[in-house]
Visitor: 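Let me give you the structure first, and then I'll get to my questions.
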Amino acid sequence: MLKYYQNLPNPGSQRHVVHYVVFFGFLFAVMIVGKNIALFWRIFVGIFSAFLILTVSISRIFLGAHWATDVIGGYLFGFVYLGIILTFY
């Protein structure tokens, strides 16, 4: 969205970042509140989900698929969307 204000060419949208934030963020939240899941799996899946959320943005910028502003916008939109989902969960 910021590309319209900065006149940057668009190498791609931030959909990958949004999908990773929403899916793995929800999985991370389930691991936090899921007391009936074994502690090992809660820690393992939680760390793995956080790792994927953080590294997907770096890879998208490194590969030239997104601008940093698109990735930041994807994070903002993804976390807002995840917050809405978690309020109803």
Side-chain angles (χ1 to χ4, degrees):
M1 173 155 288
L2 292 175
K3 66 182 168 115
Y4 295 116
Y5 299 111
Q6 297 175 349
N7 294 325
L8 295 174
N10 187 14
S13 66
Q14 74 274 13
R15 288 177 289 172
H16 288 97
V17 177
V18 172
H19 290 161
Y20 269 74
V21 168
V22 172
F23 179 76
F24 289 108
F26 184 77
L27 192 59
F28 183 79
V30 168
M31 291 300 121
I32 289 174
V33 298
K35 302 297 181 194
N36 57 348
I37 302 170
L39 183 62
F40 170 78
W41 289 112
R42 290 174 53 199
I43 292 172
F44 178 76
V45 173
I47 290 173
F48 187 67
S49 296
F51 173 76
L52 287 177
I53 290 171
L54 294 175
T55 58
V56 70
S57 61
I58 296 168
S59 70
R60 302 308 294 171
I61 294 170
F62 179 74
L63 294 173
H66 302 302
W67 294 105
T69 54
D70 288 339
V71 170
I72 292 169
Y75 272 128
L76 290 174
F77 183 76
F79 281 120
V80 167
Y81 189 55
L82 178 63
I84 293 170
I85 290 173
L86 290 177
T87 58
F88 294 109
Y89 178 71

Visitor: Looking only at heavy atoms, what is the nearest atom pair of M31 and I37, with distance?
Guide: CE-CD1, 3.6 Å
Visitor: Using the ring of each side chain (for Trp, its six-membered ring), is F24 parallel, tilted or perpendicular to Y20, with breaks at 30° and 60°?
Guide: tilted
Visitor: How far does CZ of F77 sit from CZ of R15, to the nearest 0.5 angstrom?
Guide: 12.0 Å
Visitor: Might you point out which heavy atoms bring F26 and L82 nearest each other, and give the distance in Å?
Guide: N-CD1, 3.5 Å
Visitor: My understanding is that only residues two or more places apart in sequence, or in another chain, count here; which of them pass ring-ring contact (aromatic ring centres under 6.0 Å, His included) with F88?
Guide: none
Visitor: Could you tell me which residues satisfy side-chain hydrogen bond (donor to acceptor under 3.5 Å, both in side chains) with Y75, sequence neighbours excluded, listed by chain and number?
Guide: S57
Visitor: Same cluster or not: are I53 and L27 linked, directly or through other Ile, Leu, Val, Met, Phe, Trp or Tyr residues, by side-chain heavy atoms under 4.5 angstrom apart?
Guide: yes
Visitor: Count the heavy atoms of every other residue, nucleotide or ligand shown that sit under 6.0 Å from CZ of F79, and state whether that count exceeds 12.
Guide: yes
Visitor: Using 0.5 Å steps for rounding, measure from the CD1 atom of I47 to the CZ atom of F28.
Guide: 8.5 Å
Visitor: I'd like to know if L76 and V21 are part of one continuous hydrophobic network [Ile/Leu/Val/Met/Phe/Trp/Tyr, side-chain heavy atoms within less than 4.5 Å].
Guide: no
Visitor: Spell out, yes or no, whether F51 and L63 are grouped together once hydrophobic residues are joined by side-chain heavy atoms under 4.5 Å, including indirect joins.
Guide: no
Visitor: Going only through I, L, V, M, F, W and Y residues with side-chain contacts under 4.5 Å, is there a path from I32 to L86?
Guide: yes
Visitor: With sequence neighbours excluded, what pairs up with S49 under the side-chain hydrogen bond (donor to acceptor under 3.5 Å, both in side chains) test?
Guide: none
Visitor: Report whether I85 and V30 are members of the same hydrophobic cluster (ILVMFWY, side-chain heavy atoms less than 4.5 Å apart, transitive linking).
Guide: yes
Visitor: For a quick test of reading the model, state the closest non-hydrogen atom pair linking I84 to T87 and the distance between them.
Guide: O-OG1, 2.6 Å
